[in-house]
**Q** 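Below is a structure I'd like to ask you about.
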Amino acid sequence: MLVPISVCGKEEIELSRDGSHYSLTTGVLPSLGAKSNRRIKLRPFIISPYDRRYRIWETFLIILVVYTAWVSPFEFGFLKKPQAPLSVTDNVVNGFFFVDIILTFFVAYIDKTTYLIVDDRKQIAWKYTRTWLAFDVISIIPSELVQKLSPSPLQSYGLFNMLRLWRLRRVSALFSRLEKDRNFNYFWVRCAKLISVTLFAVHCAACFYYLIAARYHDPKKTWIGATMDNFLERSLWSRYVTSIYWSITTLTTVGYGDLHPVNSREMVFDIFYMLFNLGLTAYLIGNMTNLVVHGTSRTRKFRDTIQAASNFAQRNQLPHRLQDQMLAHLCLKYRTDSEGLQQQETLDSLPKAIRSSISHYLFYSLIDKVYLFHGVSNDLLFQLVSEMKAEYFPPKEDVILQNEAPTDFYILVTGAVELIVLKNGVEQVVEEAKTGDLCGEIGVLCYKPQLFTVRTKRLSQLLRLNRTTFLNIVQANVGDGTIIMNNLLQHLKDLNDPIMEDVLVDIENMLARGRMDLPVSVCFAAARGDDLLLHQLLKRGMDPNESDNNRRTALHIAASQGKENCVMLLLDYGADPNIRDLEGNVALWDAIVGGHESVRKVLAENGANLQYGDVGQFACYAAEQNRVELLKEIVRYGGDITLGNRSNGTTALHVAVSEGNVEMVKFLLDHGARIDKRDNHGWTPRELADQQSHIEIKAIFHSTEEPKAQASVAIPEKQSRMRYLGRFTSEPTMPLPLDGSFRGTDGSWSQSQRQSQSQSRPRRRSNNYHNSLFGIMSAAHNGERDLLLSVDMNNNGMGMKSDKVGPTRVIVSCPEKGEVVGKLVLLPATFQELLQIGANKFGLYPAKVVCKDGGEIEDIEVIRDGDHLVFVAAGALP
């Protein structure tokens with residue numbers, strides 16, 4: 001199995017499980033589409049190279065490698081045969097490396113061509129076998145065994161041990177990883193590496209140089225024999241220290257005084273050793289110099305920058321205040337760089353998605369509280385935050401100058417700034433801004449010269465947003481631009497400042513002339529009642545039927561506020577007076593609710609009709625508010641107050657009964673309201689009155705109840721308590737507003753759409769019908785299956801019941817169950833029993849019963865002898 005891992009350029013990123021450790025090792029570029037996933041699931045008994053326990057094992061082996069790096073040259077140079085305890089320790093160490101060889105066959109590796117982790121055992125074994133297995137096996141063979149089996153010229157003890165220095169590759173990898181580990185100081189890691197290289201070179205050279213002297217045929221004619229008689233009989237410690245002393249003096253090029261080569265072998269070795277020392281010394285000096293320069297280069301660059309700035313200020317004879325601001329800014333920049341506060345530089349080096357996420361996390365909560373962005377969409381706010389840049393300013397530094405071009409505006413994150421006005425050559429502090437306040441927004445939004453000089457009082461952090469970037473984002477959403485402009489105007493009004501009052505007048509004049517760069521909508525002009533601005537926008541060709549997020553058009557807004565001039569202007573430019581918003585309201589209803597008589601007349605004269613709105617909802621609202629005059633207005637403008645609310649089928653009579661309003665109940669009954677009309681939960685006003693014990697209302701219902709014989713002639717209402725989500729027969733056919741896209745998939749108004757409401761409209765009080773005990777009981781029926789029913793009564797279902805003597809016989813069938821011809825049955829006494837017959841004979845729950853011609857039958861009284869009844873299935877019986 002190949003598992004992708006992440007890379008950084010040409011270097012592999014290794015992350016531990018907690019993400020606190022990483023390193024970089026040389027590698028190849030990854031394949032496109034490689035993903036980062038350290039917590040991968042490998043095959044059984046396969047070890048991840050990034051597993052913490054395996055990393056600990058590798059660290060332990062590195063300690064053993066350090067031992068091997070010292071003991072192998074020592075045994076080769078100073079020992080002729082194995083000696084305890086070194087020989088025993090060597091074999092123990094070899095045992096650990098033997099375990100590592102076995103373990104390597106189960107460690108996944110990274111394919112250098114695809115940069116994927118390979119966990120296939122065969123591939124792991126083959127890779128290890130053709131690479132380092134032979135060297136690792138040779139390095140664990142005991143030296144005693146090799147000495148006995150090798151020919152005489154190669155029987156020198158320790159010669160075979162030199163092959164174990166192959167293990168030093170592990171130490172090199174360790175230092176490479178530590179150099180890039182943020183948990184370790186780079187300076188000290190480099191120093192430790194340089195010291196380790198130096199000590200190893202000195203140790204190896206001392207061992208090899210002593211071996212030359214010890215194997216020479218005349219011990220007195222050697223570098224150590226010339227100064228130490230019978231040195232072979234001296235202690236091992238004395239000989240080793242003498243050799244190290246010679247190696248150190250030669251490496252540091254301070255010899256030769258007391259120890260020097262005597263024979264030609266030693267001279268040849270010294271020549272190569274000193275040549276090696278040239279490169280090693282240059283490597284050491286270069287690295288140490290680089291470490292020192294790295295720590296001082298930033299300070300030197302800072303001093304050069306300060307000196308250049310001072311020279312510039314003096315050469316141009318700048319005022320002292322400007323000189324101080326220059327130097328303070330440069331000092332702050334050096335301070336933030338040296339303390340690792342390169343915030344914007346860090347963000348700029350990251351991909352845009354990561355920058356956006358970081359900016360959102362750091363600044364979104366602050367920007368959300370800024371007055372200018374109250375009420376805007378989250379999408380706009382997220383885009384704005386992503387484009388803002390954080391900057392630090394030292395105390396007494398000018399951020400914005402009065403009368404300069406408006407290129408940016410700022411939001412104060414920390415610190416404090418002053419708004420200063422220059423009058424008659426004297427600076428006056430107008431206001432002090434605090435965290436979350438804006439600076440320069442008026443100039444940016446209105447493209448006016450900046451009104452104030454903004455100067456920091458102490459060290460401050462500000463978010464800067466470019467004007468062009470801001471306008472490009474806002475222009476993509478006209479609705480948000482309208483909200484921002486409204487927030488600005490309202491803020492200027494709330495300040496009650498003489499200066500801001502003049503600014504407010506200028507902005508309103510610019511709006512009226514259409515000179516604002518910020519996008520302004522028709523709804524914005526209508527909400528302000530600014531007919532001049534509205535005329536300008538409509539002349540430009542803007543849509544008079546433009547709507548906000550709640551589908552409320554400018555005509556809705558103007559009508560609800562009684563702006564007659566705006567209403568007439570919109571109608572003149574072709575605004576449709578019968579468009580519905582998300583709640584089913586039309587402009588005429590908004591004018592009626594607001595009590596704007598003149599606006600109502602204008603709308604009515606231009607074709608406005610309440611029937612295009614949700615008249616049932618209008619009537620229910622009037623009943624909720626106990627306002628009979630609203631019901632009269634609905635009737636006056638042709639609305640049918642007996643219709644049910646589209647959302648739940650509730651009629652105004654339901655609400656009036658729930659409210660206990662006797663006067664309204666009488667008014668509704670006088671205008672044709674039915675006491676047996678059921679809502680979508682299956683309840684009738686009569687049942688409401690019974691449940692809530694409204695005695696007076698029950699008496700009214702009893703006195704107005706029609707005789708039974710008349711009920712068979714009239715078109716019956718739905719008796720089943722099945723839930724309706726479609727249209728009722730009493731509801732007129734209405735064209736959908738605009739594109740009609742705001743109706744639900746089942747033809748109903750969604751709950752979120754019914755709840756959305758613009759801020760300019762009064763909030764309705766809650767419906768007592770739904771909060772009453774009866775309403776709670778009716779809500780229990782919500783679990784029934786939603787059915788989309790179409791009611792289109794056929795004339796055959798409207799006749800009188802046959803007076804034929806004898807039982808009534810009907811034919812019942814169900815095409816959905818393959819029964820087309822039908823079965824002859826006796827007509828039961830109730831409609832529910834008829835439905836039960838369909839359930840028993842066809843094994844289904846009948847949704848409705850229709851006649852052969854397709855008309856739906858809702859009452860047992862309308863069925864005549866010999867009728868053919870068709871059952872329409874709602875679902876099969878379990």
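Everything numeric here is computed off the predicted structure, so don't read it as measured data. All heavy atoms count here, side chains included; hydrogens, waters and symmetry mates do not.
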**Q** Is N466 reaching over with its side chain to a backbone N or O of D408, donor-acceptor style, under 3.5 angstrom?
**A** no
**Q** Counting N and O atoms only, with roles assigned by atom type, does the side chain of T469 sit under 3.5 Å from a partner on the main chain of L465, one being a donor and the other an acceptor?
**A** no
**Q** Could you walk me through whether L384 and I367 pass side-chain contact (heavy atoms from CB on, under 4.5 Å), step by step?
**A** CA-CA 9 Å; L384 292 177; I367 305 304; 5.5 Å; no
**Q** Can you tell me how far the CD1 atom of I473 sits from the OG1 atom of T468, to the nearest 0.5 Å?
**A**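 Result: 11.0 Å between the selected atoms.
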**Q** Please confirm whether the backbone N or O of A125 pairs with a side-chain atom of T129, one donor and one acceptor, at under 3.5 Å?
**A** yes
**Q** Do Y67 and D90 pair up side chain to side chain, a donor and an acceptor below 3.5 Å, judged on atom types alone?
**A**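 Y67 vs D90: donor-acceptor pair found between side chains.
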**Q** Less than 4.5 Å apart, any side-chain heavy atom of I46 and any of I124?
**A**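 Yes; the side chains approach each other to less than 4.5 Å.
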**Q** Within a radius of less than 6.0 Å around OH of Y283, do more than 12 heavy atoms belonging to other residues, nucleotides or ligands occur?
**A**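 Counting neighbours around OH of Y283, more than 12 heavy atoms of other residues, nucleotides or ligands fall under 6.0 Å, so yes.
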**Q** What is the minimum heavy-atom distance between S139 and L163, and which atoms define it?
**A**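 Scanning both residues completely, I find the closest heavy atoms to be CB-O, 4.4 Å.
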**Q** Under the criterion side-chain contact (heavy atoms from CB on, under 4.5 Å), I'd like the reasoning laid out for F78 against L236: C-alpha separation, chi angles, the key distance, then a yes or no.
**A** CA-CA 8 Å; F78 288 92; L236 185 61; 3.7 Å; yes
**Q** Taking all non-hydrogen atoms of both residues, which atom of R164 and which atom of S72 are closest, and how far apart?
**A**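 In this case the closest contact between R164 and S72 is CB-OG, 4.0 Å.
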**Q** Would you indicate whether F105, at its atom CZ, is surrounded by more than 12 heavy atoms from other residues, nucleotides or ligands within a distance under 6.0 Å?
**A**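 Count over threshold, so yes.
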**Q** Please walk me through it: do L86 and F74 pass side-chain contact (heavy atoms from CB on, under 4.5 Å)?
**A** CA-CA 10 Å; L86 292 181; F74 181 81; 4.1 Å; yes
**Q** When rounded to the nearest 0.5 angstrom, what is the spacing between OH in Y410 and CG in L462?
**A** 8.0 Å
**Q** State whether the side chain of R167 and the backbone N or O of T68 hold a donor-acceptor pair below 3.5 Å, judged by distance alone.
**A**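 Not at all, since once roles are kept as given, no pair shorter than 3.5 Å links the two residues.
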**Q** Report yes if the side chains of L463 and F363 come closer than 4.5 Å at any heavy-atom pair, otherwise no.
**A**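 A side-chain contact under 4.5 Å exists here.
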**Q** Within this structure, what is the CG-CZ distance for the pair L61 and F96, rounded to the nearest 0.5 Å?
**A** 9.0 Å
**Q** Does either side chain, that of N311 or that of Q307, offer a donor lying less than 3.5 Å from an acceptor on the other one?
**A** yes
**Q** Taking the six-membered ring of Y216 as reference, does the NZ or CZ atom of K221 fall below 6.0 Å from its centre and within a 45° cone about the axis?
**A** no
**Q** Quick one: closest heavy-atom pair of T435 and T414, and the distance?
**A** OG1-CA, 4.3 Å
**Q** What I'd like to find out is whether the side chain of S365 reaches to under 4.5 Å of the side chain of D368, using heavy atoms alone.
**A**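 No, their side chains stay 4.5 Å or more apart.
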**Q** Return the orientation label for the F382 and H360 ring planes: parallel under 30°, perpendicular over 60°, tilted otherwise.
**A**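 Tilted, since the angle between the ring planes falls between 30° and 60°.
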**Q** Okay, side chain of T222, backbone of P219: is any donor-acceptor separation there less than 3.5 Å?
**A** yes
**Q** Work out which heavy atom in C204 is nearest to a heavy atom in P73; give both atom names and the distance.
**A**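 The answer is SG-CG, 3.8 Å.
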**Q** Side chains of Q461 and E391: closer than 4.5 Å at any heavy-atom pair?
**A**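 No; the side chains remain at least 4.5 Å from each other.
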**Q** Closest approach of T249 and W246, non-hydrogen atoms and distance?
**A**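 Scanning both residues, the minimum pair turns out to be OG1-O, 2.8 Å.
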**Q** Given side chains that start at C-beta, do those of D136 and Y128 come closer than 4.5 Å, heavy atoms only?
**A**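 Side chain of D136 against side chain of Y128, heavy atoms only: contact under 4.5 Å found.
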**Q** Please round to the nearest 0.5 Å and tell me the distance separating atom CD1 of I62 and atom CZ of R170.
**A**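 Output value for this atom pair is 8.0 Å.
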**Q** Return yes if a side-chain donor-acceptor contact under 3.5 Å exists between D100 and W57, otherwise no.
**A**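 Present: a donor and an acceptor within the cut-off.
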**Q** Roughly how far apart are N378 CG and Q383 CD, rounded to 0.5 Å?
**A**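 These two atoms lie 11.0 Å from each other.
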**Q** Taking atom CH2 of W132 as the centre, does the number of heavy atoms from other residues, nucleotides or ligands within less than 6.0 Å exceed 12?
**A** no
**Q** Please test R239 against T242 for side-chain contact (heavy atoms from CB on, under 4.5 Å), starting from the C-alpha separation and ending with a verdict.
**A** CA-CA 5 Å; R239 288 176 284 164; T242 303; 5.8 Å; no
**Q** For the backbone of R458 and the side chain of S460, can you confirm whether one donor and one acceptor N or O come within less than 3.5 Å of each other?
**A**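 Judged by distance alone, yes, a pair lies under 3.5 Å.
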**Q** Is the backbone of A353 close enough, under 3.5 Å, to the side chain of S357 for a donor and an acceptor to pair up by distance?
**A** yes
**Q** I'd like to check Y273 versus Y209 (side-chain heavy atoms, cut-off strictly below 4.5 Å). Are they in contact?
**A** no
**Q** Walk me through whether S238 and S235 qualify under side-chain hydrogen bond (donor to acceptor under 3.5 Å, both in side chains).
**A** CA-CA 5 Å; S238 298; S235 66; 2.8 Å; yes
**Q** Before giving the answer on ring-ring contact (aromatic ring centres under 6.0 Å, His included), spell out for H203 and Y240 the whole-Å C-alpha distance, their side-chain angles and the decisive distance to 0.1 Å.
**A** CA-CA 9 Å; H203 173 71; Y240 180 71; 5.8 Å; yes
**Q** If you define the side chain from C-beta out and look only at heavy atoms, does anything of L280 sit under 4.5 Å from L251?
**A**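 The answer is yes; the side chains approach within 4.5 Å.
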**Q** Check the orientation of F231 and Y210. Use parallel for under 30°, tilted for 30 to 60°, and perpendicular for over 60°.
**A** perpendicular
**Q** So, the side chain of E397 versus the backbone of F393: is there a donor-acceptor pair under 3.5 Å, distance only?
**A**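 Judged by distance alone, no pair lies under 3.5 Å.
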**Q** Could you tell me whether E58 and R53 have a side-chain N and a carboxylate O separated by less than 4.0 Å?
**A**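 Answer for the salt bridge query: no.
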**Q** What's the spacing between T89 OG1 and N91 CG if we round to 0.5 Å?
**A**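 The distance works out to 9.0 Å.
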**Q** So which atom in Y245 and which in L259 form the shortest heavy-atom distance, rounded to 0.1 Å?
**A** CD2-CD1, 3.4 Å
**Q** Is there side-chain contact between W223 and I212, with heavy atoms separated by less than 4.5 Å?
**A**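 No - every pair of side-chain heavy atoms lies 4.5 Å or more apart.
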**Q** Given salt bridge (Lys or Arg N to Asp or Glu O under 4.0 Å), test K352 with E387 step by step and report yes or no.
**A** CA-CA 10 Å; K352 181 174 177 57; E387 296 297 333; 3.2 Å; yes
